[in-house]
Amino acid sequence: MRIKIGAGQYRFSLSFPVGGSHYFLLQGLPPMQSVMLHEILWKSDPEYSRYSDGWAYDPGTQTLFGKLSQRLPEEDLVLNF
């Protein structure tokens, strides 16, 4: 995983075998304006785990929960603040 932090944006580049799905959990994040998976803006859904891709955010613990299906050898998770 590579992480790039810029003004108002965090970019996580994830490399896993294509076709697999994986979950992620990131803690200590302030509330985000948007989350981009597969270069598409995705809305939060507390039932994200039911889908191929998705996420939910808990502001009380500043935790981002997510699921990502690997479509390319490297996928970017982009958080905009």
Side-chain angles (χ1 to χ4, degrees):
M1 174 168 57
R2 290 181 296 124
I3 302 170
K4 182 178 178 183
I5 297 176
Q9 186 180 84
Y10 294 0
R11 180 178 298 267
F12 300 87
S13 297
L14 308 168
S15 297
F16 291 96
V18 173
S21 294
H22 42 274
Y23 290 87
F24 59 87
L25 179 140
L26 301 169
Q27 291 184 293
L29 296 173
M32 296 138 306
Q33 290 182 359
S34 66
V35 172
M36 202 180 300
L37 299 168
H38 306 298
E39 299 181 6
I40 301 167
L41 290 175
W42 290 70
K43 294 184 180 181
S44 178
D45 185 340
E47 295 187 21
Y48 70 93
S49 62
R50 295 178 52 200
Y51 308 105
S52 65
D53 301 89
W55 63 277
Y57 179 73
D58 181 351
T61 61
Q62 293 189 322
T63 303
L64 175 66
F65 303 91
K67 181 180 179 184
L68 179 67
S69 295
Q70 199 77 21
R71 298 179 186 175
L72 301 171
E74 184 172 279
E75 297 279 1
D76 287 340
L77 166 65
V78 181
L79 311 179
N80 294 299
F81 299 92

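Bear in mind that the values here come from a model prediction, so they are computed numbers and not experimental data. Index from 1, following the sequence.
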Asks: Checking one residue: Tyr10. Which other hydrophobic residues are in its cluster under the side-chain 4.5 Å linking rule?
Replies: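 Hydrophobic cluster check, Tyr10: joined to Met1, Ile3, Ile5, Phe12, Leu14, Phe16, Phe24, Leu26, Leu29, Met32, Val35, Leu37, Ile40, Trp42, Trp55, Tyr57, Leu64, Leu68, Leu77, Leu79, Phe81.
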Asks: Compare every heavy atom of Ser44 with every heavy atom of Ala56, then report the nearest pair and how far apart it is.
Replies: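 In terms of heavy atoms, the two residues are closest at CA-OG, 3.5 Å.
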Asks: Of the non-hydrogen atoms in Glu75 and Arg71, which two are nearest, and what is the gap between them?
Replies: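 Minimum heavy-atom separation between Glu75 and Arg71: OE2-N, 2.7 Å.
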Asks: With sequence neighbours excluded, tell me which residues meet side-chain contact (heavy atoms from CB on, under 4.5 Å) with Thr61.
Replies: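 Once residues adjacent in sequence are excluded, the partners of Thr61 under the side-chain contact (heavy atoms from CB on, under 4.5 Å) criterion are Asp58, Thr63.
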Asks: Give me the other members of the hydrophobic cluster that Leu41 sits in, counting Ile, Leu, Val, Met, Phe, Trp and Tyr linked by side-chain heavy atoms under 4.5 Å, directly or via other members.
Replies: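 Other cluster members: Met36, Val78.
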Asks: Rounded to the nearest 0.5 Å, how far apart are CZ of Arg11 and CZ of Arg2?
Replies: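 Spacing of CZ (Arg11) from CZ (Arg2) equals 9.5 Å.
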Asks: Measure across Gln70 and Leu72 and return the closest heavy-atom pair with its distance rounded to 0.1 Å.
Replies: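 Here Gln70 and Leu72 meet closest at NE2-O, 2.9 Å.
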Asks: Just by distance, do the side chain of Asp53 and the backbone of Ser69 share a donor-acceptor pair under 3.5 Å?
Replies: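 Here the side-chain-to-backbone pair exists.
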Asks: Might you point out which heavy atoms bring Gln62 and Pro30 nearest each other, and give the distance in Å?
Replies: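 It is NE2-CA, 3.9 Å.
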Asks: For the residue pair Ser49 and Phe65, establish whether any side-chain heavy-atom pair is separated by less than 4.5 Å.
Replies: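 Of all side-chain heavy-atom pairs linking Phe65 with Ser49, none is under 4.5 Å.
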Asks: Can you name the nearest heavy-atom pair linking Ser21 to Lys67, along with the distance?
Replies: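 Nearest pair, atom of Ser21 first, then Lys67: CB-CE, 4.2 Å.
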